[in-house]
Amino acid sequence: MENNIRNFCIIAHIDHGKSTMADRFLELTGTVSPDKLKPQMLDRMPLERERGITIKLTPVTMNYKLNNQDYILNLIDTPGHVDFSYEVSRSLAAVEGAILLIDASQGIQAQTLANLYFANEQNLKIISVINKIDLPSADIERTKAEVGSLLKIKEDEIILASAKRGDGVKEILARVISDVPAPGGEKSKDLRGLIFDSIFDEYRGVIIFVRLIDGCVKRGDKIKMLSNGKVATVLEVGIFKPDLTPNKELSAGLIGYIATDLKEINDCRVGDTITTIEGKDIKPLPGYRDIKPMVYASLYPKEGNEAGRLRLALERLKLNDASLIFEPEHSPVLGFGFRAGFLGLLHLDVVKERIKREYNLELVITAPSVVYKIKNKNSPDEFFIYSPLELPDPSIIEHIKEPWVKLDIIVPVGYLGAIMELANNFRGNFISLDYLFGHNAIKEESQRAILHYEAPLAMLLVDFYDKLKSASAGYASLSYEFFEFRPAQVVKLDIFVAEEKVESLATIVYEDTVQQVGRRIAETLKEVLPRQMFEVKIQAAVGGKIIASERISAMRKDVTAKLYGGDITRKMKLLDKQKKRKKEMLKSAKVDIPPEAYLAVLRKK
């Protein structure tokens, strides 16, 4: 039966129609009945539906008949945003083919290229599909020329489709069956399977998502993890339809799930190899490259006694999100919390929202920062800091290095000047310029180019993406990849609210922009902080020097409103009493910083 199995995934830039195409596959194969089918069927989280983006990879098994032959099609739907590229790389390691989906109106985008590079590294069979051909703005000929040039294929090999109308869907599945190779492996060999994802179930424990390479597994079997030797009993095996659907067994070539009796979340690791306890001389599968988050923020529960619940929430999220890393830390002001690493600001925002919704926890989040490499004068070794609070005294620092990324920007040639100016303003170093050749000469306004830059990651965290979209009228797209640390002239900027230092708002900024940044942060806090019954002073400082200041005026109550006449001294007495009370309040003043303030500060910075 292995010859009738096809394992493939859909890769594309964000909003190019992956989820809609997956819906059409489910509809055509009858995997989901028409009365239960709904848009974005494979986007299981409410957060994905609300934002219209795919956050998690989602597998599904479909049965399809072609030319009187039955086939098992295992599809993995993947995210398109750069912050979730690790989900894409894990999906690609579990399949033999990939559908490269390209929007006919937008053409090849930056993340299209990034995902294509991932697929080529895995030597996958690429099936190119131009989607949304029904749009009035679709430029099919130009997009076909770009795809043909990029993949070095003939234009008649490219499938034209409309996921919304269902055009070309049958042709895509036929091409998957004919072009994607059947998985190798033998059922008679010792069990070997790659864990590509996992979830935690309150009643069943850890459920692992696995691609079986060799052997078979069924209920009651004993399996072990090669990396740590942990042994688990198989409580249930099954496939995705797209809900978890029990099966008698899973055999070589299939993608499915295994429910285990593991209760410790750390016993199961994404990328690990499973086998039977009798298996000997089993070599581990290649697994996945270690992910290196470059954006860090500290997470604290709003209620100090909920640190244990926050730890449990992060551990269970990590089981489902292998790119999330965290470790405990303590702040004298905020109490016990965790320093967490993320792949980007969207990743941070999604994790924050999932913790709030799924675990009913309100968080205080420090201003996100990149990781810095420090060398002190009295030490030969360099070390990393993940928070501005860890920055040593400037007098003992020999040098500070910051992460730099390789940045690819795809933009119509008419916007090249504006984009290059923007990149220069964000400290980017221009490397090269390439053209995506269309069907006509490159002088066309519709012709697009790829700008290659090197830039500090810290600058991309501010509002580079928003300004990029603004400068290109929404047509530009970007992807980036870390490549090295470089020296940086930076200092720590402290923020005081009501004359109290707010550790969670401390940031590391460039020396030549510190005054400008301090002024903007103070102005932003003035806009977002709620007014109090007393005057709130906001200050930005470097060392002991105040470089910017703002004030939020006090809320005023008309204490003289009840007076209807009499001597002026009665009025003055009430006003003096109010003034004394405000001074007393100021002595014990404490201003709560809402979570929205931290991201607002970062974006304005």
In this structure, which one of Leu42, Asp77, Thr58 forms a side-chain contact (heavy atoms from CB on, under 4.5 Å) with Ser19? Asp77
Sequence neighbours excluded, the answer for salt bridge (Lys or Arg N to Asp or Glu O under 4.0 Å) partners of Arg165 is Asp167
Among Ile274, Ile223, Val210, whose side-chain contact (heavy atoms from CB on, under 4.5 Å) with Val217 holds? Ile223
Sort and list the pairs that fulfil salt bridge (charged side-chain N to carboxylate O under 4.0 Å, His left out) and have at least one residue in residues 206-215, not counting sequence neighbours. Glu96-Arg211, Arg192-Asp214
Taking atom types as modelled, find out whether Gln69 and Tyr64 have a side-chain donor-acceptor pair closer than 3.5 angstrom. no
Show your working on side chain to side chain contact (heavy atoms under 4.5 Å, CB included) between Tyr359 and Arg316 and close with a plain yes or no. CA-CA 10 Å; Tyr359 301 96; Arg316 292 187 177 178; 3.3 Å; yes
So with a 6.0 Å cut-off around CG of Asp243, is the heavy-atom count from everything else above 12? yes
Given Asp408 and His452, is the side chain to side chain donor-acceptor pair (under 3.5 Å) satisfied, shown in steps? CA-CA 5 Å; Asp408 293 335; His452 302 285; 2.8 Å; yes
With a cut-off of 6.0 Å (strictly less than), are more than 12 heavy atoms of other residues, nucleotides or ligands near NZ of Lys373? yes
Is it the case that more than 12 heavy atoms not belonging to Asn68 sit under 6.0 Å from its CG atom? no
Evaluate the criterion side chain to side chain contact (heavy atoms under 4.5 Å, CB included) for residue pair Ile239 and Ile255; output intermediate values, then yes/no. CA-CA 7 Å; Ile239 57 177; Ile255 289 175; over 6 Å; no
In terms of heavy-atom contacts, does CG of Asn67 have more than 12 from other residues, nucleotides or ligands at under 6.0 Å? no
Check Lys318 with Glu315, please: is the shortest side-chain N to carboxylate O separation under 4.0 Å? no
Could I get the full list of ring pair (Phe, Tyr, Trp, His ring centres under 6.0 Å) partners for Phe384, not counting sequence neighbours? Phe485
Using every non-hydrogen atom in the two residues, find where Ala98 and Leu124 come nearest and quote the distance to one decimal. CB-CD1, 4.3 Å
Can you confirm whether the side chains of Asn74 and Thr61 place a donor and an acceptor under 3.5 Å from each other? yes
Tell me, yes or no, whether the heavy-atom count around Phe482 atom CZ, taken from other residues, nucleotides or ligands under 6.0 Å, exceeds 12. yes
No-hydrogen, no-angle side-chain donor-acceptor test under 3.5 Å, Glu236 and Tyr257: yes
How close do Ala232 and Leu262 get, heavy atom to heavy atom, and via which atoms? CB-CG, 3.7 Å
Any donor and acceptor pair, going by atom type alone, linking the side chain of Arg6 with main-chain N or O of Val180 inside 3.5 Å? yes
Let's go through Phe240 and Phe209 carefully: what are the C-alpha distance in whole Å and the side-chain angles of both, what is the deciding distance for ring-ring contact (aromatic ring centres under 6.0 Å, His included) to 0.1 Å, and is it a yes or a no? CA-CA 10 Å; Phe240 308 95; Phe209 295 5; 4.8 Å; yes
Are Lys222 and Thr233 close enough, and set up right, to give a side chain to side chain donor-acceptor pair (under 3.5 Å), and what steps lead you there? CA-CA 5 Å; Lys222 295 282 188 180; Thr233 301; 2.7 Å; yes
Is Glu353 salt-bridged to Lys356, cutoff N-O under 4.0 Å? no
Is there a donor in the side chain of Glu157 and an acceptor in the side chain of Ser128, or the other way round, less than 3.5 Å apart? no
Can you tell me if Arg339 has over 12 outside heavy atoms packed within less than 6.0 Å of its CZ? yes
In terms of heavy-atom contacts, does NZ of Lys230 have more than 12 from other residues, nucleotides or ligands at under 6.0 Å? no
With a 3.5 Å distance limit and no angle check, can you tell me whether Asn131 reaches the backbone of His16 through a side-chain donor-acceptor pair? yes
Run Arg354 and Leu317 through side chain to side chain contact (heavy atoms under 4.5 Å, CB included) and show every step you take. CA-CA 9 Å; Arg354 288 187 68 184; Leu317 274 183; 3.3 Å; yes
Do Asn247 and Lys241 have side-chain N/O donor and acceptor atoms under 3.5 Å apart? no
So Val129 and Ile158, side chain to side chain contact (heavy atoms under 4.5 Å, CB included) or not? Walk me through it. CA-CA 6 Å; Val129 177; Ile158 303 168; over 6 Å; no
Do you know which two heavy atoms are closest between Val206 and Phe200, and how far apart they sit? CG2-CD1, 4.0 Å
Salt bridge check, Glu484 against Lys401: does any charged N sit closer than 4.0 Å to a carboxylate O? no
